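In what follows, a single structure is set out as structure tokens and then discussed.
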Amino acid sequence: MTKTKTQKKKAKQKKGTRRVLFLLLLIAAIISICLFTPFFNIKHIEVTGNQTIATERITETTAITPQTNIFKVNKRKLRRQLLAIPEIEDARVRRKLPATIKVNVMETPAVLYAPYLTGYVSLSYTGRAISLFDDISDQNLIELTGLEIKNVDICKKISVQDTVKFDIILEAIGILHEKNLLGEIRSCHFDNLTDFHIYLTDGTKIMFGKTEDLAYKISVLDTILPMVNRTEGVYIDVTTPSRAFYGTLPAPSTEPEEEQTGEETAESGGEETEAQEENAETNDEE
């Protein structure tokens with residue numbers, strides 16, 4: 001008996017419905033296997049990008065246990081947890097089937113410190129607050145002066161009175177970071193933007209003068225540094241980078257009546273021009 005068009009249409013619809021039900025059952029079975037079998041339970045957390053933060057600290061922050069199913073991990077939530085670590089500026093989380101979570105972090109460790117309220121705040125080179133502390137004796141950080149801080153939120157960029165000045169400071173710190181010079185610096189002084197200077201860990205004073213053409217001045221400094229026998233009292237003047245020179249600051253007077261002004265004399269001696277350089281026999285014009 002020949003089927004009518006209506007019967008053929010109904011048969012086709014039933015066949016399509018069976019296919020859909022089969023696919024749904026198949027998908028449900030796959031989901032069940034993925035979510036409820038030990039095969040996809042996390043066995044490894046691979047951490048990369050960390051240099052100063054212990055891997056254990058990062059894995060503990062994720063709060064992932066061996067019983068955690070890899071598909072139940074909320075990557076966005078996990079990223080937020082990682083960003084709560086002050087020294088981590090960015091993080092990426094990926095699944096690697098069947099049982100590995102890969103975490104890649106970008107660190108911004110504390111490199112600077114500045115006075116804040118009755119204590120101090122440590123900062124990354126991008127101006128991000130890392131921690132608050134009262135005692136700087138055990139902190140291997142660069143002193144930063146000339147910054148008036150309004151408010152501090154850990155893991156966020158600090159709020160300051162003079163944002164223009166802060167941008168100049170961060171520009172200078174950023175260039176020094178690019179030249180890999182931050183590790184050699186003891187303090188950076190931005191109290192007067194026409195007399196920006198820094199001290200290296202060996203006591204060498206670097207005079208930049210105005211905070212202009214900093215990239216060029218720091219590039220010249222990077223070239224001069226290997227030529228200088230650096231000790232306490234030595235200075236390098238890149239105020240005019242095309243005529244940069246180095247020398248030795250006058251020693252403070254030991255006379256009793258001069259004791260109160262000896263340090264000031266040394267500082268003013270460091271600001272003198274090439275006439276003093278000729279006396280020190282260390283003129284190094286460029």
Side-chain angles (χ1 to χ4, degrees), residues 109-115 120 122-123 125 133 135-147 168-169 172-211 213-214 216-286:
V111 293
L112 312 164
Y113 79 89
Y120 306 90
S122 63
L123 306 168
Y125 72 91
F133 53 94
D135 185 8
I136 63 171
S137 59
D138 60 345
Q139 302 288 333
N140 185 24
L141 302 172
I142 301 170
E143 179 186 6
L144 184 63
T145 69
L147 192 61
I168 293 172
I169 292 173
I173 297 298
I175 298 171
L176 290 166
H177 173 71
E178 290 174 3
K179 293 291 185 179
N180 295 316
L181 293 173
L182 288 183
E184 298 190 51
I185 298 175
R186 183 174 71 196
S187 60
C188 293
H189 302 274
F190 292 90
D191 308 85
N192 184 348
L193 294 185
T194 63
D195 182 26
F196 166 44
H197 58 279
I198 66 177
Y199 284 93
L200 304 184
T201 53
D202 53 32
T204 302
K205 180 179 181 180
I206 314 295
M207 295 178 283
F208 292 95
K210 295 181 180 179
T211 51
D213 300 320
L214 283 175
Y216 180 33
K217 291 178 179 179
I218 293 173
S219 179
V220 171
L221 170 65
D222 194 34
T223 302
I224 293 176
L225 278 175
M227 309 178 196
V228 181
N229 182 19
R230 292 179 279 160
T231 57
E232 191 77 40
V234 170
Y235 71 92
I236 302 174
D237 191 324
V238 291
T239 302
T240 305
S242 61
R243 295 190 296 110
F245 57 90
Y246 60 90
T248 304
L249 296 170
S253 173
T254 57
E255 295 294 329
E257 62 272 14
E258 298 292 336
E259 287 181 355
Q260 295 181 350
T261 59
E263 184 177 351
E264 183 179 349
T265 303
E267 291 296 319
S268 62
E271 301 298 333
E272 291 181 7
T273 60
E274 296 168 81
Q276 182 186 2
E277 285 303 299
E278 294 175 358
N279 294 333
E281 297 183 359
T282 54
N283 193 335
D284 187 70
E285 297 185 6
E286 290 193 355

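Sequential numbering from 1 along the given sequence is applied to the chain's residues. Only a predicted model underlies this, so the values are computations on that prediction, with no experimental measurement involved.
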Checklist entry - Would you call the rings of F190 and F196 parallel, tilted or perpendicular, where under 30° means parallel and over 60° means perpendicular? => result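 If you compare the ring of F190 with that of F196, the planes turn out parallel.
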Reported [atom1]-to-[atom2] distance for the pair [X] and [Y], which is rounded to 0.5 angstrom:
X    : Y    : atom1 : atom2 : answer
I175 : I218 : CD1   : CD1   : 4.5 Å
L221 : D237 : CG    : CG    : 11.0 Å
I173 : L112 : CD1   : CG    : 5.0 Å
S122 : I136 : OG    : CD1   : 12.0 Å
E184 : D202 : CD    : CG    : 7.5 Å
R186 : L141 : CZ    : CG    : 14.5 Å

Between [X] and [Y], is any pair of side-chain heavy atoms under 4.5 Å apart?
X    : Y    : value
T204 : I236 : yes
V234 : N229 : no
Q139 : F133 : yes
Y235 : Y199 : no
L200 : I185 : yes
I198 : I142 : no
L225 : L181 : yes
P241 : D213 : no

Closest heavy-atom contact between [X] and [Y]?
X    : Y    : answer
V220 : A244 : CG1-CB, 3.9 Å
K217 : F208 : NZ-O, 2.7 Å
G203 : E232 : CA-OE1, 3.3 Å

Checklist entry - Does CG in D135 sit with more than 12 non-hydrogen atoms of other residues, nucleotides or ligands closer than 6.0 Å? => result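 More than 12 heavy atoms, drawn from other residues, nucleotides or ligands, come within 6.0 Å of this atom.
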Checklist entry - Does the side-chain contact (heavy atoms from CB on, under 4.5 Å) test come out yes or no for S187 and T145, once each step is laid out? => result CA-CA 8 Å; S187 60; T145 69; over 6 Å; no
